[in-house]
There are 4 protein chains.
Amino acid sequence: MNAFAKLPQKKQVHILDAATESFAEKGYFGASIKEICQRADISNGALYKYFRNKEELYFVILKKCQDILVQQLYERHTQLNHSFKTTVRMYLEQIETLHKKYPNYIRIYANLGSNNMELFSQKMHDDFMKSGSYVISMVSEAKQRNEIPQHIDDNVLAFLLDNYFILFLYSLVSDYHEKRFRSFLRIKENEALTSKKKINFILDAIEIFMHQR
Amino acid sequence: MNAFAKLPQKKQVHILDAATESFAEKGYFGASIKEICQRADISNGALYKYFRNKEELYFVILKKCQDILVQQLYERHTQLNHSFKTTVRMYLEQIETLHKKYPNYIRIYANLGSNNMELFSQKMHDDFMKSGSYVISMVSEAKQRNEIPQHIDDNVLAFLLDNYFILFLYSLVSDYHEKRFRSFLRIKENEALTSKKKINFILDAIEIFMHQR
Amino acid sequence: MNAFAKLPQKKQVHILDAATESFAEKGYFGASIKEICQRADISNGALYKYFRNKEELYFVILKKCQDILVQQLYERHTQLNHSFKTTVRMYLEQIETLHKKYPNYIRIYANLGSNNMELFSQKMHDDFMKSGSYVISMVSEAKQRNEIPQHIDDNVLAFLLDNYFILFLYSLVSDYHEKRFRSFLRIKENEALTSKKKINFILDAIEIFMHQR
Amino acid sequence: MNAFAKLPQKKQVHILDAATESFAEKGYFGASIKEICQRADISNGALYKYFRNKEELYFVILKKCQDILVQQLYERHTQLNHSFKTTVRMYLEQIETLHKKYPNYIRIYANLGSNNMELFSQKMHDDFMKSGSYVISMVSEAKQRNEIPQHIDDNVLAFLLDNYFILFLYSLVSDYHEKRFRSFLRIKENEALTSKKKINFILDAIEIFMHQR
DNA sequence: CATGAATGAGTTTTCATTCAT
DNA sequence: CATGAATGAAAACTCATTCAT
């Protein structure tokens with residue numbers, strides 16, 4: 001019945017990667033089934049054997065985005081016992097790593113927050129919101145280790161962190177947010193804006209806000 | 001382009017409002033020229049007299065989004081001499097007011113930062129980045145009034161503020177970002193998440209980060 | 001709004017005739033929009049300006065079938081005061097004439113009574129059932145003129161007549177019903193079965209059944 | 001073809017019944033091979049081992065329709081020696097019984113007479129025309145028993161009878177012909193039109209036409 | 001022999017854009 | 001200038017048929 005699941009792992013990956021590439025480049029509405037099939041080296045009909053329709057294909061991809069983020073980003077840092085600052089740095093660096101490894105999946109994930117994607121964002125499990133819990137636990141653990149002033153509310157700090165995280169991620173996939181970073185980092189158009197610079201900027205900021213006197 | 005400028009002001013507004021409504025509801029790809037023309041009470045051919053194509057129409061709308069934000073948000077607060085905290089609150093409240101007054105334009109602006117809008121965000125004048133300068137000047141003025149600890153870098157604080165601003169705006173138009181706010185504010189699904197709550201949460205956060213001991 | 005009605009009469013007829021030809025040849029499901037457009041010398045898109053979809057196009061054709069039958073068959077005989085037998089003969093001859101003039105429309109009408117056309121036969125006004133009233137009035141007028149034995153019930157005779165009429169019509173468009181006529185008229189395969197023969201056979205039958213002693 | 005014959009009787013019946021159900025519900029064009037295979041509990045490929053293609057499958061079904069009608073309708077009444085009127089009544093009742101027992105086969109048979117089925121009706125053996133012979137022999141036997149006025153031609157009466165028979169059968173499967181019956185029997189829309197009423201109406205009619213003074 | 005995955009041409013329908021009036 | 005009818009390529013999706021396993 002689940003024709004797609006029966007395919008060899010390699011072929012599954014190949015198809016999802018092809019579709020994800022198209023969706024990342026042109027968006028859900030812009031990407032065409034025909035083009036996806038050509039990239040995936042399968043026939044038009046085959047795709048409809050594997051997925052009920054375009055929508056279902058997109059959901060499957062979103063599920064994979066989720067898996068990537070949950071397994072390779074959120075969960076990764078709970079076991080390791082690094083200092084708060086190191087944890088945050090590693091989290092940001094891991095976002096960049098994931099973006100290098102799965103650029104198209106990250107783009108698609110980022111797009112979930114955009115307009116006209118309600119169809120998808122509403123139906124996705126709130127698991128996507130797990131990001132929040134992970135960041136909150138990151139904060140509360142640091143607090144237990146006395147790395148964070150006690151009077152700073154966990155949610156407040158977690159929200160601040162998550163803002164940095166999400167806008168850093170957006171800057172990797174969106175021209176607009178990349179420019180936004182540039183303007184606050186005072187980096188000229190002809191100068192390179194590396195992820196390293198962004199990460200350092202964010203870490204400095206956190207340092208400043210957390211350890212005032 | 002020229003043809004459109006020659007139209008009476010009222011008709012111009014009517015056409016842009018109609019198009020903006022369609023684009024906001026269905027997105028750039030989903031909105032159809034035919035539907036826009038019907039809403040705008042003009043003929044199909046007329047639209048193509050006023051704008052070279054769908055793309056140009058969208059650019060004109062983006063320009064108007066820019067104007068709204070620049071004139072009614074960014075510039076508004078430079079003349080008034082309120083305290084830093086009041087300025088920030090008024091800025092957030094003004095975002096909400098603008099969203100109530102021009103919901104469709106705000107949606108379209110918010111969408112610029114999303115994937116697949118590179119076509120537009122790249123070609124837009126960097127004027128959109130003025131947001132940055134305004135927030136930076138907001139900060140530096142406050143610093144001159146000694147409302148902000150001297151060792152806090154202007155850009156760093158401005159970036160933090162702008163993060164709050166932009167994600168607050170996103171939460172007004174995107175299901176995903178609304179949910180994100182909910183999760184950090186610990187608000188249950190059946191409970192209302194008002195803008196007031198969001199604004200207060202943000203202001204409290206800023207307070208905490210700026211005035212640590 | 002009603003784009004089709006605005007077309008010049010000639011073009012309207014040309015399009016409907018083309019579509020009717022396709023539908024008559026291949027049936028509702030077998031006929032393709034593309035083929036219809038080619039025959040009608042219009043573009044694919046034009047057809048969808050004129051009719052909402054394939055179904056609506058078919059309904060418009062059915063309406064025309066109705067008009068043809070009502071105006072040129074049913075109503076035609078009420079004004080003329082011929083004898084009963086002459087009226088019946090003229091009715092049958094008129095069926096044949098209509099079939100010669102509008103063979104495809106007649107085929108489509110005949111198809112309404114077939115399986116899988118419930119979608120259409122149910123939604124068509126019961127005007128199609130007017131056939132019954134005309135035949136009944138044909139009978140009752142003849143009875144008033146004492147051409148028909150008083151004890152023969154109007155409905156009973158009308159049903160008998162209408163059976164002949166409808167099966168005569170079917171024999172013009174359906175291979176199966178043509179063969180059926182052959183077998184009762186004892187006409188061999190290599191011999192021609194003209195409409196004249198069928199009509200005479202029917203008239204003789206009516207004569208026999210009405211005037212027994 | 002040969003492959004199908006080799007299957008166990010039960011499986012053959014199961015497959016044909018499944019296909020017939022689909023064809024009856026959706027028509028020849030509407031029914032899909034996939035759906036038929038699922039109903040028949042066989043694989044897609046198997047079907048193409050048993051039948052060359054969709055067309056041949058339909059022919060085999062038509063052959064079975066023929067067998068049903070020939071063995072259980074036409075031939076059934078030659079051996080029994082009932083009065084003419086009883087024979088006719090039993091014939092009509094048997095049509096109803098067969099429709100109850102094999103509704104789908106009867107629908108398909110009825111559809112043969114409709115437009116766009118020439119492909120099939122032309123290629124079918126003229127055995128389908130045996131109906132005629134049976135009705136004719138029904139009449140001639142009655143005449144020998146002096147139940148029918150001598151001057152009534154066998155073919156003429158047989159045709160009249162067969163018209164009733166075939167239109168009664170059509171009324172069981174076609175919305176259009178059911179309505180037609182209603183209009184001549186003067187039965188309102190909210191009132192039930194039973195087969196009993198139709199049969200009695202037909203028998204009364206035959207009585208009237210055969211035994212005039 | 002049987003399977004059911006794969007094919008790809010086919011379906012109906014939409015829509016940005018053009019152009020004769 | 002304005003119109004809106006016309007275009008036709010392209011969209012998502014289906015399905016009878018084939019063929020490697």
Side-chain angles (χ1 to χ4, degrees), chain A residues 1 3-4 6-8 11 26 28-38 40-57, chain B residues 2-3 6-7 26 28-38 41-58, chain C residues 1 3-4 6-8 11 28-38 40-57, chain D residues 3 6-7 26 28-38 41-58:
Chain A
M1 271 256 172
F4 185 64
K6 283 185 201 153
L7 291 179
K11 195 167 183 184
K26 315 204 176 171
Y28 178 73
F29 296 104
S32 93
I33 293 291
K34 199 180 170 186
E35 187 202 290
I36 289 172
C37 291
Q38 279 164 354
D41 306 309
I42 58 172
S43 73
N44 227 324
L47 191 93
Y48 281 87
K49 280 273 186 303
Y50 305 147
F51 310 99
R52 207 160 357 125
N53 50 30
K54 197 183 183 182
E55 207 177 304
E56 192 184 283
L57 168 59
Chain B
N2 223 341
K6 283 182 198 156
L7 290 179
K26 317 203 176 171
Y28 178 72
F29 294 105
S32 91
I33 293 289
K34 195 185 168 189
E35 189 201 289
I36 290 172
C37 291
Q38 279 166 354
D41 305 309
I42 58 172
S43 75
N44 228 328
L47 192 94
Y48 279 84
K49 282 281 183 292
Y50 305 148
F51 310 100
R52 205 161 358 124
N53 50 29
K54 199 182 183 181
E55 210 176 300
E56 192 185 282
L57 167 60
Y58 203 74
Chain C
M1 272 263 169
F4 184 65
K6 284 183 198 153
L7 292 179
K11 195 168 182 182
Y28 178 73
F29 296 104
S32 93
I33 293 291
K34 201 180 171 188
E35 187 203 290
I36 290 172
C37 291
Q38 280 164 355
D41 306 309
I42 59 173
S43 73
N44 228 326
L47 190 94
Y48 279 86
K49 282 273 188 301
Y50 306 147
F51 310 99
R52 207 161 356 126
N53 49 31
K54 198 182 182 183
E55 207 177 304
E56 192 185 283
L57 168 59
Chain D
K6 283 182 199 157
L7 290 178
K26 317 202 177 171
Y28 178 73
F29 294 105
S32 90
I33 293 289
K34 195 185 168 189
E35 189 201 289
I36 289 171
C37 291
Q38 280 166 353
D41 306 308
I42 58 171
S43 75
N44 228 329
L47 192 93
Y48 279 84
K49 282 281 182 295
Y50 305 147
F51 310 99
R52 206 162 355 125
N53 50 28
K54 199 181 184 182
E55 210 177 301
E56 191 185 281
L57 167 60
Y58 203 73

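Remember, predicted model here, so these are calculated numbers, not experimental data.
Within 4.0 Å (heavy atoms only), F51(C) reaches no atom of the nucleic acid at all.
Rounded to whole angstrom, the span from the CD1 atom of I33(C) across to the P atom of dT14(E) amounts to 11 Å. One can place CD of Q38(A) at 13 Å from P of dT7(E), the figure rounded to the nearest angstrom. Atom P of nucleotide dA5(F) and atom CG of L7(C) are separated by 9 Å, given to the nearest angstrom. Residue L47(D) contributes atom CG, which lies 17 Å from atom P of dC19(F) at whole-angstrom precision. The interatomic distance linking I36(A) (CD1) with dA12(F) (P) rounds to 8 Å, in whole Å. The nearest whole Å value for the distance from the CG atom in N44(A) to the C1' atom in dT14(F) is 10 Å. To the nearest angstrom, C1' of dA12(F) lies 14 Å from CD of E35(A). Atoms NZ (K49(C)) and P (dT17(E)) sit 14 Å apart, rounded to a whole Å.
For the pair S43(A) and N53(B), both in contact range of DNA chain E, the more 5′-proximal nearest nucleotide belongs to S43(A). Judged by closest nucleotide on DNA chain F, G45(C) is the one of G45(C) and F29(A) placed further toward the 5' end. Nucleotides of DNA chain F nearest to Y48(A) and K34(D) differ in position, and the one nearer the 5' end is that of Y48(A).
Side-chain contact between E56(C) and F4(C) is absent, with no heavy-atom pair separated by less than 4.5 Å.
Close to dA11(F), at under 4.0 Å from its OP1 or OP2, lies a side-chain N or O of S32(A). Contact annotation: K26(D) side-chain N/O to dC15(F) OP1/OP2 distance is not under 4.0 Å. For dA16(F), one of the phosphate oxygens OP1 or OP2 lies less than 4.0 angstrom from a side-chain nitrogen or oxygen of K54(D).
Across the strands present, dA5(E) finds its partner in dT18(F); the criterion is a Watson-Crick or G-U wobble pair with both atom distances under 3.5 angstrom.
A pairwise comparison of heavy atoms in N44(A) and C37(A) identifies CA-SG, 3.7 Å as the closest pair. A pairwise comparison of heavy atoms in Y48(B) and N53(B) identifies CE2-CA, 3.9 Å as the closest pair.
The aromatic rings of Y58(B) and Y28(B) sit perpendicular to each other, their planes meeting at more than 60°, with 30° as the lower class boundary.
A donor-acceptor pair under 3.5 Å is formed between the side chain of K54(C) and the backbone N or O of A31(C).
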